[in-house]
Amino acid sequence: MCNYCKSPIKNSKSPYVFDTEDNTLLIKNVPCDECTHCGATFFSHNIMANLRSIAEELTDLVDSLTIYDYANIAN
């Protein structure tokens, strides 16, 4: 159930953007739950922990804007 509009949610994939002072990571196709009515996206605690770990590893390696596909970089 959506935290905002209380409509049903479905399994989906969504981009996730991680910004730092020096660069931006865009990770595509991240598994999430998506509201069928308002489109709000919700990432699980496990996915968020994985995204934080990925971002920490990659921020020193990237220039300005870098785009990754989640399936290719997730453990």
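Everything numeric here is computed off the predicted structure, so don't read it as measured data. All values below were derived from every heavy atom in this structure, side-chain atoms included, with hydrogens, water molecules and symmetry-related copies excluded.
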### Query
Could you give the distance from CG (Asn29) to OG (Ser12), rounded to the nearest 0.5 Å?
9.5 Å
### Message
Looking at every non-hydrogen atom in both residues, tell me the closest pair between Met1 and Lys6 and how far apart they are.
### Response
CG-O, 3.5 Å
### Message
Could you report the tightest heavy-atom contact between Phe43 and Pro15, atom names first, then the distance?
### Response
CZ-O, 4.0 Å
### Query
Is the Tyr4 ring parallel, tilted or perpendicular to the Phe42 ring (thresholds 30°, 60°)?
parallel
### Query
Do Lys13 and Val30 have side chains that get closer than 4.5 Å, going by heavy atoms?
no
### Query
Please walk me through it: do Met48 and Ser44 pass side chain to side chain contact (heavy atoms under 4.5 Å, CB included)?
CA-CA 6 Å; Met48 287 304 300; Ser44 72; over 6 Å; no
### Message
Nearest 0.5 Å, please: how far is CD1 in Ile27 from OH in Tyr16?
### Response
8.0 Å
### Message
Under a 3.5 Å distance rule, please check whether Thr36 uses its side chain to pair with a backbone N or O of Pro8 as donor and acceptor.
### Response
yes
### Task
Assess whether side chain to side chain contact (heavy atoms under 4.5 Å, CB included) is satisfied between Lys10 and Asp33, documenting all intermediate values.
CA-CA 5 Å; Lys10 64 179 181 175; Asp33 290 325; over 6 Å; no
### Message
Restricting to non-hydrogen atoms, name the atom on Ala55 and the atom on Leu25 that form the minimum distance, rounded to 0.1 Å.
### Response
CA-CD1, 3.7 Å
### Query
Is Ile54 close to Tyr68 at the side-chain level, that is, under 4.5 Å between some pair of heavy atoms?
no
### Task
Give the minimum heavy-atom separation between Cys2 and Ile9, together with the two atoms involved.
N-CG2, 3.8 Å
### Task
Check the pair Asn50, Tyr70 against side chain to side chain contact (heavy atoms under 4.5 Å, CB included), reporting the backbone distance first and the verdict last.
CA-CA 10 Å; Asn50 199 19; Tyr70 185 79; 2.7 Å; yes
### Task
Could you walk me through whether Leu26 and Phe18 pass the side chain to side chain contact (heavy atoms under 4.5 Å, CB included) test, one step at a time?
CA-CA 6 Å; Leu26 171 61; Phe18 183 83; over 6 Å; no
